[in-house]
Number of protein chains: 2
Amino acid sequence: MKLAAKSKTRSPPARRRVASRAARASETKVVSAPLSRPNRAERAAERRQAIVDAAMEEFIARGFAATRLDDIAKRAGVAKGTIYLHFKDKESMFEELIRTAIVPLVGRLQAPPPAGATVRELVEGFALTFIREVVNTRRGDIVRLIVAEGPRFPSIADFYYREVVSKGLAGMRAVIELGIARGEIANANLARFPQILIAPALIAVIWQSLFAKHAPLDAIEMFRTHLDLIFGERRTT
Amino acid sequence: MKLAAKSKTRSPPARRRVASRAARASETKVVSAPLSRPNRAERAAERRQAIVDAAMEEFIARGFAATRLDDIAKRAGVAKGTIYLHFKDKESMFEELIRTAIVPLVGRLQAPPPAGATVRELVEGFALTFIREVVNTRRGDIVRLIVAEGPRFPSIADFYYREVVSKGLAGMRAVIELGIARGEIANANLARFPQILIAPALIAVIWQSLFAKHAPLDAIEMFRTHLDLIFGERRTT
DNA sequence: ATAATATGACTGACTAGTCAGTCATATTCA
DNA sequence: TGAATATGACTGACTAGTCAGTCATATTAT
């Protein structure tokens with residue numbers, strides 16, 4: 001009983017501009033055509049990205065359960081059904097978003113290995129990157145989201161542990177051991193708990209979300225002070 | 001679809017169950033006061049507490065939005081309507097829970113001021129209490145819940161900042177300044193960032209919820225290592 | 001008795017997920 | 001070349017629920 005007859009009026013949904021056939025004839029197979037005239041596949045990818053972006057915003061703002069797919073669709077400028085062309089269901093979408101949001105974050109942090117630097121400079125470099133790229137951006141909210149929803153999405157917590165936490169900590173441990181070997185770090189026990197090195201960064205993430213409006217926190221200065229504890233008073237700057 | 005309107009006259013629901021109430025009365029009360037026959041006020045308080053406990057479990061397990069009042073009622077052993085005799089609505093209940101769960105926690109931590117102790121012993125005492133009473137208990141999950149839901153419940157975040165964070169940090173700052181004055185703490189900057197002192201404890205809370213099953217974390221040993229950084233290598237124990 | 005409490009069936013608002021149908025684009029064929 | 005045909009991305013009304021909050025009725029306690 002789909003009273004179909006009435007739907008002739010379908011509001012024409014602002015279809016994106018495209019041009020036609022003359023062009024098609026001249027350039028049949030240009031693969032990576034620049035964004036001037038997106039073809040079907042490119043437009044689809046665009047829309048998927050719009051959905052991903054919109055979903056991220058909504059999930060960050062409301063958490064998993066309270067986020068409405070209608071709102072995601074609206075924000076992305078697509079119909080709700082379109083979401084289901086790209087994602088199996090709400091849960092899959094959430095999991096995939098969190099996963100992909102995390103991956104580039106790791107690469108960024110383990111990327112730059114400057115040669116002639118002290119271990120402290122190395123660590124400080126990591127920290128500055130983290131604070132700049134995570135603490136003061138939307139990515140920080142993603143970290144908070146993982147803390148928030150992790151227990152209800154064990155697969156996310158597991159993935160995050162494998163791909164981010166264990167790798168990140170292993171990297172930190174290596175750096176710490178280097179520092180110990182070079183005599184920059186006095187306390188050899190620190191290598192057993194690389195979490196200590198990270199702790200103030202995580203605190204900063206949480207602080208920004210919850211308490212920044214009550215008392216702004218200078219994450220960089222806090223981290224430097226923390227490094228003073230680990231490496232000794234000497235300050236780089 | 002919603003063929004509602006017709007049932008003006010609520011169908012008389014064959015009521016049964018009469019004995020159960022008496023049965024319940026006989027099996028109540030073993031816990032605290034040795035009153036064999038609790039009076040009205042006491043029973044009401046009991047039920048309220050049952051609701052509070054049940055709600056806590058459910059909120060911790062599912063978060064605010066995904067928790068069903070039917071489940072709370074079931075777990076508490078009351079009817080759903082009973083909840084509304086004690087709480088205005090779901091949101092009020094959640095807020096009150098978080099609030100009341102936190103208050104005793106602060107008192108506990110600023111309570112015992114032993115006289116002839118070093119500052120390090122003082123801090124270590126705090127930390128052990130925190131780890132015992134929070135990290136390894138349901139209270140830790142409440143802390144996580146605050147981090148998770150805080151942004152969507154500003155009044156909770158505000159309350160928590162006023163009553164817990166600012167007071168806790170002020171207390172820590174005082175202790176740090178004492179340590180500096182006594183020469184136990186070398187880095188005077190630490191007083192500017194008492195968060196650093198707390199950081200590993202918060203890490204431990206989060207770790208227990210998310211990653212303990214992958215890699216158990218010895219929170220106490222981690223904290224001692226952290227104290228070594230602050231107070232110098234010598235270990236108390 | 002009768003006021004205070006407790007109950008749970010019920011309502012209405014809200015939402016995840018579906019699917020028949022549309023139409024811009026792509027492909028085929030004369 | 002361009003008309004005919006095929007494709008599949010996209011839409012949004014719709015279904016099948018779910019659940020917070022209400023209230024008429026029932027059950028104590030005093």
Side-chain angles (χ1 to χ4, degrees), chain A residues 1-25 28-29 37-48 50-51 64-74 76-94, chain B residues 1-22 24-25 37-48 50-51 62 64-74 76-94:
Chain A
M1 53 169 73
K2 214 83 175 250
L3 49 136
K6 66 52 160 307
S7 71
K8 79 268 251 138
T9 31
R10 265 182 185 289
S11 53
R15 274 269 145 69
R16 203 145 318 187
R17 228 12 354 214
V18 190
S20 48
R21 52 213 58 184
R24 188 204 63 224
T28 31
K29 251 341 179 51
R37 200 184 327 92
N39 63 18
R40 208 130 85 162
E42 284 164 345
R43 301 231 0 247
E46 248 170 49
R47 307 208 122 188
R48 188 192 159 94
I51 293 169
F64 176 77
T67 290
R68 290 184 296 267
L69 291 190
D70 286 298
D71 288 347
I72 294 176
K74 198 158 148 191
V78 302
K80 183 152 66 154
T82 305
I83 293 174
Y84 288 88
L85 300 176
H86 297 280
F87 300 95
K88 183 173 150 288
D89 56 17
K90 190 185 180 185
E91 204 165 310
S92 311
M93 176 166 51
F94 182 72
Chain B
M1 96 197 260
K2 217 74 177 258
L3 50 121
K6 60 58 155 301
S7 69
K8 281 296 193 3
T9 44
R10 283 158 176 285
S11 55
R15 282 266 147 73
R16 73 272 97 114
R17 79 184 286 295
V18 181
S20 63
R21 180 61 58 103
R24 180 153 50 223
R37 274 287 294 290
N39 63 21
R40 209 121 85 161
E42 283 164 344
R43 302 242 349 252
E46 247 172 48
R47 305 206 125 189
R48 190 192 158 90
I51 292 169
R62 303 198 208 300
F64 176 77
T67 290
R68 289 183 294 266
L69 290 190
D70 286 296
D71 289 345
I72 294 177
K74 198 160 147 189
V78 302
K80 183 154 65 158
T82 306
I83 293 175
Y84 287 88
L85 300 174
H86 295 278
F87 299 94
K88 181 172 152 290
D89 56 18
K90 190 185 182 187
E91 200 164 311
S92 310
M93 176 165 52
F94 181 73

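Below, chain A is the first sequence line, B the second, and so on; all start at residue 1. Values reported hereafter were calculated over all heavy atoms of this structure, with side chains retained and with hydrogens, waters and symmetry mates removed.
Under the Watson-Crick or G-U wobble criterion, with both distances below 3.5 Å, D/dT18 is paired with C/dA13.
In this view, A/Ala45 satisfies the side-chain contact (heavy atoms from CB on, under 4.5 Å) rule with no residue, not counting sequence neighbours. Legend: residues meeting side-chain contact (heavy atoms from CB on, under 4.5 Å) with B/Ala79, ordered by chain and number and at least two apart, are B/Thr82. The salt bridge (Lys or Arg N to Asp or Glu O under 4.0 Å) check on A/Arg68 picks up A/Asp71, with sequence neighbours excluded. Annotation: ring pair (Phe, Tyr, Trp, His ring centres under 6.0 Å) contacts of B/Phe94 (sequence neighbours excluded): B/Phe59, B/Phe64, B/Phe153.
Atom CG of B/Leu69 and atom C1' of C/dA13 are 15 Å apart (whole Å). B/Glu46 places its CD atom 14 Å from the C1' atom of C/dT5, with the value rounded to the nearest Å. As rounded to whole Å, 13 Å separates atom P of C/dT5 from atom CZ of B/Arg48. Summarising the geometry, the separation between CZ on B/Arg62 and P on D/dA20 is reported as 11 Å, rounded to the nearest angstrom. One can place CG of A/Asp70 at 11 Å from P of D/dA13, the figure rounded to the nearest angstrom.
Annotation: of the two residues near DNA chain C, A/Gly81 and A/Arg68, the 5′-most nearest-nucleotide partner is A/Arg68.
When all heavy atoms of A/Ile83 and A/Leu69 are compared, the pair lying nearest together is CD1-O, 3.8 Å.
Screening residues 78-91 of chain B for salt bridge (charged side-chain N to carboxylate O under 4.0 Å, His left out), with sequence neighbours left out, gives B/Asp70-B/Lys80.
Contact of the A/Leu85 side chain with the A/Arg47 side chain is not registered, since no non-hydrogen atoms from C-beta on lie closer than 4.5 Å.
Annotation: proximity of residues 82-94 of chain B to DNA chain C (heavy atom, distance under 4.0 Å) is found for B/Thr82, B/Leu85, numbered in ascending order.
Looking only at distances, a side-chain donor or acceptor of A/Arg48 sits under 3.5 Å from a matching main-chain atom of A/His86.
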Considering only nitrogen or oxygen atoms on both sides, find all protein atoms under 3.5 Å from nucleotides 6-8 of chain D and state each distance.
from  : atom 1 : to      : atom 2 : distance (Å)
D/dT7 : O2     : A/Arg40 : NH2    : 3.0

